[in-house]
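In what follows, every heavy atom counts, from backbone to side chain, and hydrogens, waters and symmetry copies are set aside. Quick note: residue numbers are just sequence positions, from 1.
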Amino acid sequence: MYLCREIKIYLKRMKILANDGISELGKRQLEAHGFEVLTIKVAQNQLVNYINEHQIPILLVRSSTEVRKELIEACPSLKLIGRGGVGMDNIDVEEAEKRNIHVINTPEASSNAVAELVFAHLLSGVRFLHDANRNMPLDGDTQFNQLKKNYAKGSELRGKTLGIIGFGRIGKAVAKMGIALGMRVLACDLFVKNTNIELSFFDGTSVSFQIDMVSKEEVLKNSDFITVHTPAQKEYIIDEKEIEMMKEGVAILNLARGGVISEVALFNALESGKVSFAGLDVFENEPTPSIQILMHPDISLTPHIGAATQEAQDRISLELASLIIEKMK
């Protein structure tokens, strides 16, 4: 009884710094289990001081906060680091695990949100919405007929080939949506074998499709649209050599990590017409993307918001809360 009482008291005093925020659902679940959740945003250069001053054992981040070796070394109170999302490239996982610090993430919670944004960019590109939304407020009242002519040569997704590089949870979610829209799917992944994906419908019925993995070269050569869903790499997944293999007029999307596609090679391919348009949610130089990229009329742009739906954030925070309770109880 005494031990249980001591554990309960300890949990009530255990602080969680959700430095990049946490949804109210997850916050309430953690508080119900005795944790104190702090949602103050601490600047990166003040984070070590704050953690040490307040003896924070649990740090939660998304993509904005970096948890590198230097921070981990300087904060002996840390017992758990959580990443709200899939990628862990902003956390020195090896250093944390070497110090017996739990590292957790939420690989499934944001897949649907990211996949939907892929198709938001894709549909925007094939119907020129990204450019129309820039020009209609400026010239819609004086050059309506000219703009109508400019945007009159759109295309449909049905019957086109969607190439997916990286067939993890997000890649599979993208494949499901592509199939639902009548697209052919080509996928490649070094670590995934041929796999079945299941489309579930509102009435409870479902249909299963087998996706056979092909080579990266086959994806590059035969796809009308190519979307990348891999972790950050040491080298570009798509550079000049890869773009040369692609169809004329291909479209490229990156909602994975800045740096998996060479933005210089992408810009040059857009200028030459080899690539018809691009959709980018992530950038090589976040949070200060290249002006050339930001101003290009053939790029649909969002500021790294792939997982930023209310539903996804609720799923992420609840998944984090469950893992924290499991690991720290």
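- Of all the heavy atoms in I243 and A269, the pair that sits closest is CG2-CB, 3.8 Å.
- Checked by atom type and distance alone, the side chain of S317 pairs as donor or acceptor with a backbone atom of D314 at under 3.5 Å.
- Here the side chains of T227 and L162 are in contact, with some heavy-atom distance below 4.5 Å.
- Judged by distance alone, the side chain of S262 and the main-chain N or O of A265 form a donor-acceptor pair under 3.5 Å.
- Using a 4.5 Å heavy-atom cutoff, the side chains of V214 and N222 are not in contact.
- For the atom pair NE2 (H102) and CD (E326), the distance works out to 9.5 Å, reported to the nearest 0.5 Å.
- Not a single donor-acceptor pair under 3.5 Å links the side chain of N194 to the backbone N or O of Q210.
- At most 12 non-hydrogen atoms from other residues, nucleotides or ligands lie less than 6.0 angstrom from NZ of K221.
- Electrostatic pairing of K98 and E95 counts as a salt bridge here, judged by a charged N lying under 4.0 Å from a carboxylate O.
- In the displayed structure, E235 atom CD is contacted under 6.0 Å by at most 12 heavy atoms of other residues, nucleotides or ligands.
- Dense packing is recorded around CZ of F209, with more than 12 heavy atoms of other residues, nucleotides or ligands lying under 6.0 Å away.
- The side-chain heavy atoms of P57 and K15, taken from C-beta on, include a pair separated by under 4.5 Å.
- Judged purely by atom type and a 3.5 angstrom limit, N254 has no side-chain atom pairing as donor or acceptor with the backbone of L280.
- Note that CG of N90 and CZ of R68 are 6.5 Å apart. Values are rounded to the nearest 0.5 Å.
- Under the 3.5 Å distance criterion, the side-chain polar atoms of T205 are left unmatched by any main-chain donor or acceptor of F201.
- For the pair T195/F167, a side-chain contact is recorded, criterion being any heavy-atom separation below 4.5 Å from C-beta on.
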### Task
Show the numbers, then the answer: is there a salt bridge (charged side-chain N to carboxylate O under 4.0 Å, His left out) between R99 and E73?
CA-CA 9 Å; R99 295 173 181 273; E73 285 179 334; 3.7 Å; yes
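- Partner E31 forms a side chain to side chain donor-acceptor pair (under 3.5 Å) with one of K27, R28, Q29 and no other, that one being K27.
- Panel note: side chain E286, backbone F283; a donor-acceptor pair is recorded below 3.5 Å.
- The closest side-chain donor-acceptor pair between N135 and Y151 falls under 3.5 angstrom.
- For the residue pair D20 and T65, a side-chain donor N or O sits within less than 3.5 Å of a side-chain acceptor on the partner.
- Although no hydrogens or angles enter the test, the distance criterion places a donor-acceptor pair under 3.5 Å between the side chain of T309 and the main chain of A312.
- Using a distance-only test at 3.5 Å, with no hydrogens or angles considered, a donor-acceptor pair links the side chain of K274 to the main chain of M246.
- Across every non-hydrogen atom of S300 and H121, the tightest pair is OG-ND1, 2.7 Å.
- One N or O on the side chain of E263 and one on the backbone of E284 form a donor-acceptor pair closer than 3.5 Å.
- V42 pairs in a side chain to side chain contact (heavy atoms under 4.5 Å, CB included) with only one of the listed residues (L47, V48, I56), which is L47.
- At a threshold of 4.5 Å between non-hydrogen side-chain atoms, the residues V207 and I179 do not count as touching.
- We find the CD-CD distance between E311 and E116 to be 8.0 Å, quoted to the nearest 0.5 Å.
- When atom types are taken as modelled, the side chain of D281 and the backbone of G306 share a donor-acceptor pair closer than 3.5 angstrom.
- Open room surrounds CD on E240; 12 or fewer heavy atoms of other groups in view lie less than 6.0 Å from it.
- Annotation: side chain of M136 is in contact with side chain of L147 (closest heavy-atom distance under 4.5 Å).
- Here CG of L80 is found 6.0 Å from CD1 of I324. Values are rounded to the nearest 0.5 Å.
- E242 pairs by the salt bridge (charged side-chain N to carboxylate O under 4.0 Å, His left out) definition with K216, not counting sequence neighbours.
- For E198 and N196, the side-chain atoms include no donor-acceptor pair closer than 3.5 Å.
- Side-chain contact check for I211 versus I164: every heavy-atom pair is 4.5 Å or farther apart.
- Interatomic distance, NZ of K41 versus CG of L17, reported as 9.0 Å (0.5 Å rounding).
- Looking only at side-chain heavy atoms (C-beta outward), P231 and D89 stay at 4.5 Å or farther from each other.
- Of all heavy-atom pairs spanning I165 and I237, the tightest one is CG2-CG2, 3.9 Å.
- Across every non-hydrogen atom of L122 and L157, the tightest pair is CG-CD2, 3.8 Å.
- Ring-plane geometry between H130 and F277 is classed as tilted, the angle between the planes lying from 30 to 60 degrees on a 0 to 90 degree scale.
- In this structure, OG in S272 is found 10.5 Å from CZ in F267, a value given to the nearest 0.5 Å.
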